[in-house]
> 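Here it is: the structure, laid out below.
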Amino acid sequence: MKILLLAGTSEARALAKLLAEHGQDVLASLAGVTRAPATYPVPTRVGGFGGEAAQRDFVITKGFDAVVDATHPFAAQISARSNKICNILSVPYLRVLRSEWRAETEDDWHLIDRPEAATAHIPHGARVLLATGAVSVSDWAELANGRTLFCRRVDATDDPFPYEGGWIVARPPFSLEEELDTLRTYQITHLVSKNAGGPTSAKLLAARQLGLPVVMLNRPELPDCDRVETPQEALEWLTRLNR
């Protein structure tokens with residue numbers, strides 16, 4: 001069976017390792033957001049497909065028997081498009097989606113469905129860490145009015161930061177000590193995060209320890225499709241498919 005693995009997450013790397021160990025014919029596809037992405041133990045392509053028609057042609061030409069989507073939980077566009085293409089081509093599609101983070105009793109979380117809603121929970125004069133990724137920094141323009149924003153990114157850039165504040169160049173994962181140091185160094189008063197889920201929750205633990213409010217962006221709506229939470233469950237799904 002020939003598998004297209006839409007990758008870019010720790011779950012994707014773990015699944016690629018499992019598939020390689022089981023001798024599966026798999027191609028990992030990375031969007032190419034970072035300059036030096038983590039390596040995969042399977043053949044890998046980097047870059048976008050060039051739109052829906054080009055992606056559909058790619059799936060047809062390469063003769064994939066299944067598509068496993070292990071992209072970021074907020075990669076709604078590629079997930080919706082991939083599911084649509086697979087439905088059209090009658091190619092099995094699986095979404096690997098790790099479980100969400102959930103607030104504990106001692107947390108001060110404010111859940112929002114869109115970035116514009118963050119302004120209702122963060123006062124003017126606040127110093128905000130956008131732990132939401134550099135690609136989506138423009139989504140938080142409304143929050144920048146009267147507040148100082150800092151946004152983390154993996155790669156350094158010559159592009160100026162668009163708001164009062166600045167870029168923080170650092171590569172995850174971060175330890176609790178590193179997150180505490182970042183929050184203290186930049187005198188952060190509020191944390192903004194996407195509910196990506198997964199093991200990299202040290203920023204939330206640090207905010208809890210320091211008593212900082214967290215504005216949490218809920219996940220986008222995902223297509224109706226087969227879903228699992230772990231790489232092992234994805235392997236089991238593929239095994240059943242191949243019987």
Side-chain angles (χ1 to χ4, degrees), residues 1-34 36-101 133 135-136 154 172-173 194-201 218-243:
M1 186 166 60
K2 193 170 185 179
I3 303 161
L4 174 60
L5 173 61
L6 303 178
T9 60
S10 58
E11 290 82 10
R13 291 190 295 276
L15 179 55
K17 183 175 183 293
L18 284 175
L19 294 173
E21 292 171 350
H22 284 75
Q24 294 284 358
D25 184 3
V26 56
L27 174 67
S29 179
L30 295 169
V33 175
T34 59
T39 57
Y40 282 69
V42 297
T44 305
R45 68 176 294 277
V46 179
F49 292 103
E52 181 178 327
Q55 183 178 348
R56 184 185 64 242
D57 291 343
F58 183 82
V59 173
I60 295 172
T61 302
K62 297 295 183 180
F64 291 109
D65 300 299
V67 174
V68 178
D69 181 355
T71 57
H72 193 275
F74 279 78
Q77 182 176 1
I78 187 64
S79 293
R81 190 174 75 190
S82 299
N83 181 59
K84 177 183 176 182
I85 289 170
C86 287
N87 284 337
I88 292 172
L89 300 178
S90 297
V91 172
Y93 169 89
L94 176 69
R95 184 69 167 102
V96 182
L97 194 65
R98 58 198 182 218
S99 58
E100 294 181 313
W101 291 316
V135 174
S136 61
V154 173
K194 295 177 177 178
N195 198 335
T200 54
S201 59
N218 292 321
R219 290 180 178 181
E221 185 176 350
L222 292 169
D224 183 18
C225 61
D226 287 350
R227 298 183 197 175
V228 297
E229 290 189 357
T230 68
Q232 183 60 45
E233 290 173 331
L235 178 62
E236 293 167 1
W237 182 88
L238 288 165
T239 301
R240 291 193 300 270
L241 196 66
N242 201 27
R243 286 174 182 165

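The structure displayed is predicted, hence computed values, not measured ones.
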> Is the shortest heavy-atom distance from the side chain of Phe49 to the side chain of Ser29 under 4.5 Å?
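Sidechains of Ser29 and Phe49: in contact.
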> What residue pairs, at least two apart or across chains, pass salt bridge (charged side-chain N to carboxylate O under 4.0 Å, His left out) with a residue in residues 37-47?
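Applying salt bridge (charged side-chain N to carboxylate O under 4.0 Å, His left out) to every pair that reaches into residues 37-47, excluding sequence neighbours, yields nothing.
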> Could you measure the distance from the CG atom of Leu94 to the CG atom of Leu235? Nearest 0.5 Å is fine.
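Output value for this atom pair is 11.0 Å.
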> Between Val42 and Gln24, is any pair of side-chain heavy atoms under 4.5 Å apart?
no
> Measure across Ala20 and Pro41 and return the closest heavy-atom pair with its distance rounded to 0.1 Å.
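Heavy-atom minimum between the residues: CB-O, 3.9 Å.
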> Rounded to the nearest 0.5 Å, how far apart are OH of Tyr93 and SG of Cys225?
5.0 Å
> Under the side-chain contact (heavy atoms from CB on, under 4.5 Å) criterion, do Leu19 and Leu238 qualify, and how do the steps go?
CA-CA 10 Å; Leu19 294 173; Leu238 288 165; 3.7 Å; yes
> Could you pull out the closest heavy-atom pair between Ala12 and Leu5, with the gap in Å?
O-CD2, 3.6 Å
> For a 4.5 angstrom cut-off between non-hydrogen side-chain atoms, does His22 reach Thr239?
no
> Quick one: salt bridge (Lys or Arg N to Asp or Glu O under 4.0 Å) partners of Glu236, sequence neighbours excluded?
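Result, salt bridge (Lys or Arg N to Asp or Glu O under 4.0 Å) vs Glu236: none returned.
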> Indicate the atoms forming the closest heavy-atom contact of Gly8 with Tyr40, along with that distance.
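Shortest heavy-atom separation between Gly8 and Tyr40 comes out as N-OH, 3.0 Å.
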> Taking the side chain from Asp65 and the backbone from Lys2, do they hold a donor-acceptor pair closer than 3.5 Å?
yes
> Could you tell me whether Asp69 and Arg95 make a salt bridge, using a distance below 4.0 angstrom between a side-chain N and a carboxylate O?
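A salt bridge links Asp69 with Arg95.
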> Would you check, one step at a time, whether the test side-chain contact (heavy atoms from CB on, under 4.5 Å) holds for Leu27 with Phe58?
CA-CA 12 Å; Leu27 174 67; Phe58 183 82; 3.7 Å; yes
> To the nearest 0.5 Å, how far apart are CZ in Arg56 and OG in Ser82?
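One gets 13.0 Å once the value is rounded to the nearest 0.5 Å.
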> State the CG-CD distance between Asn218 and Glu100, to the nearest 0.5 angstrom.
7.0 Å
> Write down the atom of Phe74, the atom of Arg219, and the distance for their closest heavy-atom approach.
CZ-CA, 3.6 Å
> If you take all heavy atoms of Pro92 and Leu241, which pair is closest and at what distance?
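Nearest pair, atom of Pro92 first, then Leu241: CB-CD2, 3.6 Å.
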> Compare all side-chain heavy atoms of Asn195 with those of Pro73 and state whether any distance is below 4.5 angstrom.
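They are not in side-chain contact.
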> Can you name the nearest heavy-atom pair linking Ala196 to Trp101, along with the distance?
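Taking every non-hydrogen atom into account, N-CZ3, 3.6 Å.
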> Check whether more than 12 heavy atoms from other residues, nucleotides or ligands sit under 6.0 Å from atom CD of Glu221, and answer yes or no.
no
> Any chance you could measure Asp226, atom CG, to Arg240, atom CZ, to the nearest 0.5 Å?
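Answer for the CG-CZ pair, Asp226 versus Arg240, is 8.5 Å.
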> Between atom NE2 of His72 and atom OG of Ser10, what is the distance when rounded to the nearest 0.5 Å?
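One finds 10.0 Å between NE2 of His72 and OG of Ser10.
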> For Lys17, does the NZ atom sit with more than 12 other heavy atoms under 6.0 Å from it, leaving out its own atoms?
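Count not over threshold, so no.
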